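Below is one structure, written out as structure tokens; comments come after it.
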Amino acid sequence: MRDSTPFHPQTLAVHAGREDFAELGVHAPPLDLSTTYPVRDLATGTESFDALVGGAATAANPIYARLHNPTVARFEAAFAQLEGTSDAVAFGSGMAAMSACLLAAGQRGRHVLAARPLYGTSDHLLNSGLLGIETRWVEPAGIAAAIDADTALVIIETPANPTLDLVDIAAVVRAAQGVPVLVDSTFATPVLQQPAAQGAALVLHSATKFIGGHGDVIAGVVACDSAWAGALRQVRAATGGLLHPLAAYLLHRGLPTLGLRVLQAQENAQRLAEMLERHPAVAKVCYPGLGTVANAQLVGSQMRGPGSLMAFELHGGHAAAATVMASVALATPAVSLGSVDTLIQHPAGLTHRVLDADTQQRCGITPGLLRLSVGIEHVDDIWADLAQALDAAAMSRVA
Ligand SMILES: *Cc1c(COP(=O)(O)O)cnc(C)c1O
């Protein structure tokens with residue numbers, strides 16, 4: 001935004017992507033829904049077409065909305081500022097963003113190294129071989145030994161879904177020995193962590209979650225340098241995994257409150273985690289703010305705070321988890337996360353169902369595990385709702 005004294009993230013969140021408003025004479029971003037653009041000057045049109053198909057961020061003429069859209073580009077520019085990267089490229093979903101990264105990586109090598117656990121569908125996509133690139137599963141500690149000349153990319157997720165284990169990004173970047181590292185940072189948001197500052201080449205978000213924040217947009221975004229962005233834009237233009245401009249508008253509209261939402265939900269989550277830990281129906285709570293996840297010491301350094309997601313295990317197993325899902329009234333029993341409202345779901349039965357039983361077990365996805373995405377409601381109201389649902393689960397166990 002300005003070079004001399006960088007703004008704080010909260011300020012960037014409010015003003016990024018709005019630098020030209022004074023010049024435009026507007027106070028809200030223009031929304032451009034055009035699918036095509038007039039080409040009166042053919043020479044400029046041809047030049048623009050070549051540039052955009054080749055991955056350029058802008059051109060004199062946008063030509064066609066699969067190649068460029070100013071509203072999407074405005075959100076991308078704003079988001080890049082929050083992640084501290086030069087560029088960002090937005091997609092129609094988090095999975096479209098992941099697919100584009102894998103397709104772009106396929107031009108650099110024949111396999112990726114990936115560390116579990118990952119988001120269920122990311123795991124499924126990588127395992128399926130659908131995109132023609134092979135996946136080798138590794139532990140973070142095994143990355144250095146597994147790198148070879150054909151390694152295109154290293155993929156990690158931190159905090160991980162659904163166990164909330166943390167992965168040391170800087171250590172993975174060192175182990176990758178120059179091979180680019182992709183970090184799925186969806187659970188953290190740029191408010192709590194900036195993986196690019198730790199050396200990650202690609203910072204991926206399902207913007208469906210905290211970035212959108214209101215449960216009404218499906219979107220993905222990758223923050224990266226301009227070389228990667230060019231490759232991702234080429235893939236996007238060719239495969240069409242676009243973000244709709246109205247969705248980009250909504251994401252940009254939500255950015256100014258991202259910090260407030262993330263910090264309030266996090267404050268609620270810390271209190272709820274402490275109360276859950278003391279509830280007799282609960283066997284254990286996995287939450288970075290309790291120190292009960294792998295690498296919890298990274299809270300305070302890699303991560304500015306523990307975030308607002310947690311997983312907890314019930315003594316009553318699958319039946320108790322089903323009772324809690326059926327009994328919550330304020331919280332919504334639903335997949336997805338990072339919304340202003342509290343969501344609770346059962347990873348083994350829903351989001352991580354695509355993993356085979358053995359992988360589920362190794363990743364700690366047990367029949368009695370529930371994942372909680374804490375919202376910004378008053379914490380006492382969330383607790384009252386959870387407590388009555390947990391009591392119902394404990395009661396049905398005794399009965
Ligand atoms: C939801 C999610 C995704 C996939 O994003 P979609 O927008 O649903 O396609 C990827 N990674 C993580 C961590 C997620 O939570």
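Just follow the structure's listing: the first ligand is 1, and inside any ligand the first atom is 1. Keep in mind that this is a model prediction, so the values were computed, not measured.
Under 4.0 Å from any atom of ligand 1, one finds heavy atoms of residues Ser93, Gly94, Met95, Tyr119, Glu157, Asn161, Asp184, Thr186, Phe187, Ser206, Thr208, Lys209, Ala219, Leu337.
Judged by distance alone, the side chains of Ser327 and Gln388 never bring a donor and an acceptor atom under 3.5 Å apart. Arg304 and Gln266 form no side-chain donor-acceptor contact under 3.5 Å, judged by distance and modelled atom types alone. No side-chain donor-acceptor contact under 3.5 Å links Gln81 and His15.
Relative to the six-membered ring of Trp383, Arg271 misses at least one condition, a distance below 6.0 Å or an angle of at most 45° to the axis.
With sequence neighbours left out, Asp225 forms a side chain to side chain donor-acceptor pair (under 3.5 Å) with no residue at all.
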Would Arg110 and Asp148 count as a salt bridge (charged side-chain N to carboxylate O under 4.0 Å, His left out) here? Give the steps.
CA-CA 10 Å; Arg110 279 200 288 263; Asp148 68 30; over 6 Å; no
